[in-house]
Amino acid sequence: MDTQFFDMPRFLAGSPLFSGLSPDELARIAKSCQIRNYAKGDMIFSVGEACEAFHIVFNGQVKLFVVSPAGQEKVIEIISPGQSFAEALVFLNKPYILNAQALVDTVLVNVSKRGVIDEIEQDPHFALHMLAGVSRRLHSLVQDVEAYALQNGMQRLIGYLLRDVEMDTTGGQHTLTVSLPASKATIASRLSLTPEYFSRVLHELEARQLITIDRREIRILDVKKLLGYGAQ
């Protein structure tokens, strides 16, 4: 990526963490940022490494994961363009507690820990932006824990497919296409399902004529029926 003409303040202004900041504030934060390129499969950081920055995806995709003592991988989250990660860790003064890997060729904007701390000390209002970002991540993790505890595998998969859908209970049939952001095995790990079970559920939904499958493209033929099938 050619970074010569990259407008860092403008990019930061589009991030939920920094939206609403003044041009001067954005300019100060921009000075603490660096652009990093990663090839598919590159590790961005690993458990135990010092955390000196948090990261915003400019383009590409990042997998956050942990590995059990037995070597089994558990995907925690898949980060897409515009999303940030590791925000909370910069305040803990502890090493990274998970791993991050580029799923495809990826460009990240790394925001240095020192730059964030300096801005908080100078402008307490900025601390509210950071707190909001950390709170959103916590809310997402609580929703995951709730789903794992209260929903079966079928419900978790259907919930994932419909995660960005706003239901209209008065409307009729509502079709849409969902693109899986990563391999089926990666999504299965994200949902705490085995790849075999994940595929079996997809094919069951296809047999019920609720979805059609074309590699990573899942076409939902009737949103309300799919939601109702998960509630059975």
Side-chain angles (χ1 to χ4, degrees), residues 14-19 36 38-68 71-92 94-111 113 116 129-153 155-165 178-195 197-198 201-202 216 218:
S15 169
L17 284 174
F18 303 117
S19 62
R36 290 287 184 267
Y38 298 88
K40 178 181 178 180
D42 283 352
M43 294 299 297
I44 298 163
F45 56 75
S46 300
V47 172
E49 293 181 2
C51 178
E52 298 297 340
F54 72 88
H55 318 273
I56 307 173
V57 179
F58 176 72
N59 62 38
Q61 212 163 52
V62 174
K63 174 179 67 176
L64 304 182
F65 67 100
V66 294
V67 179
S68 72
Q72 184 176 7
E73 180 182 296
K74 170 65 176 80
V75 177
I76 304 299
E77 196 164 3
I78 299 170
I79 310 297
S80 298
Q83 296 181 313
S84 57
F85 59 101
E87 307 96 317
L89 296 177
V90 300
F91 300 109
L92 293 178
K94 292 183 179 180
Y96 286 111
I97 59 175
L98 41 64
N99 308 286
Q101 183 180 33
L103 287 174
V104 297
D105 292 348
T106 296
V107 179
L108 297 183
V109 170
N110 295 345
V111 185
K113 174 181 177 178
V116 170
H129 285 267
M130 294 302 303
L131 182 60
V134 172
S135 297
R136 282 192 295 270
R137 183 56 48 81
L138 177 60
H139 179 67
S140 176
L141 291 174
V142 169
Q143 287 181 316
D144 285 346
V145 172
E146 180 182 20
Y148 300 149
L150 301 179
Q151 296 179 347
N152 60 36
Q155 291 169 331
R156 294 204 297 277
L157 194 155
I158 290 175
Y160 181 81
L161 293 177
L162 299 178
R163 64 195 183 280
D164 295 324
V165 175
V178 176
S179 297
L180 298 181
S183 69
K184 292 177 182 177
T186 299
I187 301 297
S189 177
R190 167 71 176 79
L191 299 175
S192 292
L193 306 173
T194 65
Y197 182 83
F198 183 89
V201 169
L202 282 181
R216 291 189 184 179
I218 310 296

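Throughout, numbering of the chain's residues begins at 1 and tracks the sequence.
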4.5 Å side-chain heavy-atom contact, Glu49 and Met43: no

Closest heavy-atom pair, Ala102 versus Tyr38, reported as atoms and distance to 0.1 Å, is CB-CB, 4.0 Å

Item checked: Check: Asn99 main-chain N/O paired with Ser46 side-chain donor or acceptor under 3.5 Å -> no

Rounded to the nearest 0.5 Å, the CZ atom of Phe85 sits from the CD1 atom of Ile76 at a distance of 14.0 Å

Output for pair (Leu108 CG, Ile44 CD1), nearest 0.5 Å, gives 4.5 Å

Within the distance-only criterion (no hydrogens, no angle test), does the side chain of Lys74 pair as donor or acceptor with the backbone N or O of Val67 below 3.5 angstrom?
no

Q: Please examine the side chains of Gln83 and Val57, heavy atoms only from C-beta on, and report whether any two atoms are closer than 4.5 Å.
A: no

Aromatic ring pairing Phe54/Phe18, orientation class (parallel under 30°, perpendicular over 60°, tilted between)
parallel

Whether Arg190 side chain and Ile187 backbone form a donor-acceptor pair below 3.5 Å: no

Between Glu52 and Tyr96, the two heavy atoms sitting closest are N-OH, 4.2 Å

Check whether any side-chain heavy atom of Ser183 sits under 4.5 Å from a side-chain heavy atom of Arg216, and report yes or no.
yes

- Donor-acceptor pair, Asp105 side chain versus Ala39 backbone, under 3.5 Å? no

Closest non-hydrogen atoms of Pro16 and Gly82, given as atom of the first, atom of the second and distance, are CD-O, 4.3 Å

CG (Leu64) and CD1 (Ile79) are apart, to the nearest 0.5 Å, by 4.5 Å

When rounded to the nearest 0.5 Å, the distance separating CG of Asp42 from CG of Leu103 is 11.5 Å

### Query
Can you check whether Tyr197 reaches Leu191 side chain to side chain, under 4.5 Å on heavy atoms?
no

What I'd like to find out is whether the side chain of Phe91 reaches to under 4.5 Å of the side chain of Val116, using heavy atoms alone.
yes

To the nearest 0.5 Å, atom OG1 of Thr186 lies from atom CD of Gln61 at 9.0 Å

Q) So Val178 and Arg163, side chain to side chain contact (heavy atoms under 4.5 Å, CB included) or not? Walk me through it. A) CA-CA 10 Å; Val178 176; Arg163 64 195 183 280; 4.2 Å; yes

Rounded to the nearest 0.5 angstrom, the CD-CD1 distance for Gln151 and Ile158 is 9.5 Å

Nearest heavy-atom contact between Gly60 and Val104 is CA-CG2, 3.7 Å

Within the structure provided, determine whether His55 and Val62 are in side-chain contact (heavy-atom separation under 4.5 Å).
no

**Prompt:** With distance as the sole test, does Arg156 use its side chain to make a donor-acceptor pair with the main-chain N or O of Ser192 at under 3.5 Å?
**Reply:** yes

